[in-house]
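Okay, structure first, notes after.
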Amino acid sequence: MQPKVCRIGSAGRPISRLQGPVPAVRDGQKQATAGNPSFSQSHHFSRTNQSLTPDRRSSARRGVMTDETFDTDLILAIFKLVWSRRAETSDEKDEAINVEVGASTSKKNRGTTANASSLKVSCELLRFFVTEAVQRAAILAEAEGSDKIEATHLERVLPQLLLDF
Amino acid sequence: MAAEPRDGGFEKEKEEEEAAAERAELLRDRFRLSVISIANAEEGRDGISEPVVACIADLAFKYTEQLAKDVELFAQHAGRKSVNMEDVILSAHRNDHLAGLLRSFSQELKGKEPQTERKRKKSSKSDDKALAS
């Protein structure tokens with residue numbers, strides 16, 4: 001992975017990592033990605049691993065976690081929903097097999113559970129996902145000069161975002 | 001093996017499916033609310049247009065479903081019934097930076113407990129790595 005340098009622009013925000021391999025001789029100004037013809041989507045995907053945009057939140061710099069994050073109960077409920085759905089479908093499949101084999105240990109019968117700390121890490125992971133999506137789209141929106149994040153901005157960051165997650 | 005009665009039980013199956021779909025919708029709505037609050041806390045300016053945040057919420061929901069499946073597979077592969085923190089960190093293996101961030105977050109969590117004092121040293125090391133990259 002190429003070393004990523006975090007440079008702070010004039011607005012106090014880190015310069016977009018979307019620039020990546022393009023030799024950026026832009027000193028401290030906002031990146032105008034829209035006007036850059038060499039900013040093509042093709043070399044964008046050649047890097048399957050884009051680093052996450054650094055945390056701009058002041059609380060993160062202080063190391064305090066007072067921000068919004070997902071509720072662990074909600075995440076657990078979603079997990080259970082998916083697991084029970086999978087258990088149902090796999091039970092239907094295993095039935096035909098088990099009748100012949102007899103006593104086969106189908107692990108999917110016993111429901112999966114989750115650790116408390118694993119839920120917290122999952123919440124953090126999902127928060128990263130949302131945060132990344134918003135921040136990358138915001139960088140794009142700012143580079144294009146609009147104040148509001150629109151659907152076109154999300155569209156363009158989506159491929160790299162999905163590759164990174 | 002508990003088998004779903006196929007002969008006369010179609011209506012019951014349908015009802016269960018509908019109930020599951022309703023639960024999914026309810027969870028999806030709660031999820032969307034969380035995403036809205038997180039996204040708005042993140043980006044202050046003029047905000048995010050509404051369809052965009054709904055799109056992000058749906059994407060995150062799908063990602064959560066995939067995460068659930070992955071994490072269950074990892075735990076089963078390790079012969080466990082209960083999902084571990086390592087399973088979640090593994091599911092982020094595609095992006096090294098992300099995995100590092102999660103790992104340091106998990107060290108912090110573990111470090112908050114009194115018994116794992118030695119993990120604190122590791123967390124400061126991985127923090128430096130994450131900041132330097």
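Note on ring orientation: taking the six-membered ring where Trp is involved, the planes of A:Phe129 and B:Tyr63 are parallel (angle under 30°, cut-offs 30° and 60°).
Using a 4.5 Å cut-off between heavy atoms, A:Ile78 contacts chain B through both its backbone and its side chain. Contacts between B:Ala24 and chain A at a heavy-atom distance below 4.5 Å involve backbone atoms as well as side-chain atoms. Interface remark: B:Ile36 contributes no atoms to any contact with chain A (heavy atom separation under 4.5 Å). Heavy atoms of A:Leu158 lying under 4.5 Å from chain B belong exclusively to its side chain. For chain A, the nearby part of B:Val71 is the side chain; its heavy atoms alone come within less than 4.5 Å.
For A:Arg85, the side-chain contact (heavy atoms from CB on, under 4.5 Å) partners two or more places apart in sequence, or in a different chain, are A:Leu81, B:Glu65.
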>> ring pair (Phe, Tyr, Trp, His ring centres under 6.0 Å) for B:Phe31 and A:Phe70? Distances and angles first, verdict last.
In response: CA-CA 8 Å; B:Phe31 194 80; A:Phe70 286 100; 4.9 Å; yes

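The CZ atom of B:Arg80 lies 8.5 Å from the CD atom of B:Glu86; values are rounded to the nearest 0.5 Å.
B:Val53 and A:Leu162 fall within the same hydrophobic cluster, defined by Ile, Leu, Val, Met, Phe, Trp and Tyr side-chain heavy atoms under 4.5 Å apart, directly or through other members.
The shortest distance between side-chain heavy atoms of A:Glu132 and A:Thr53 falls below 4.5 Å.
For the set A:Asn115, A:Leu154, A:Leu125, the entry with the most heavy-atom pairs within less than 4.5 Å of chain B is A:Leu125. Contact tally against chain B (heavy-atom pairs below 4.5 Å) for A:Val82, A:Leu161, A:Val134, A:Val121: the top residue is A:Val121.
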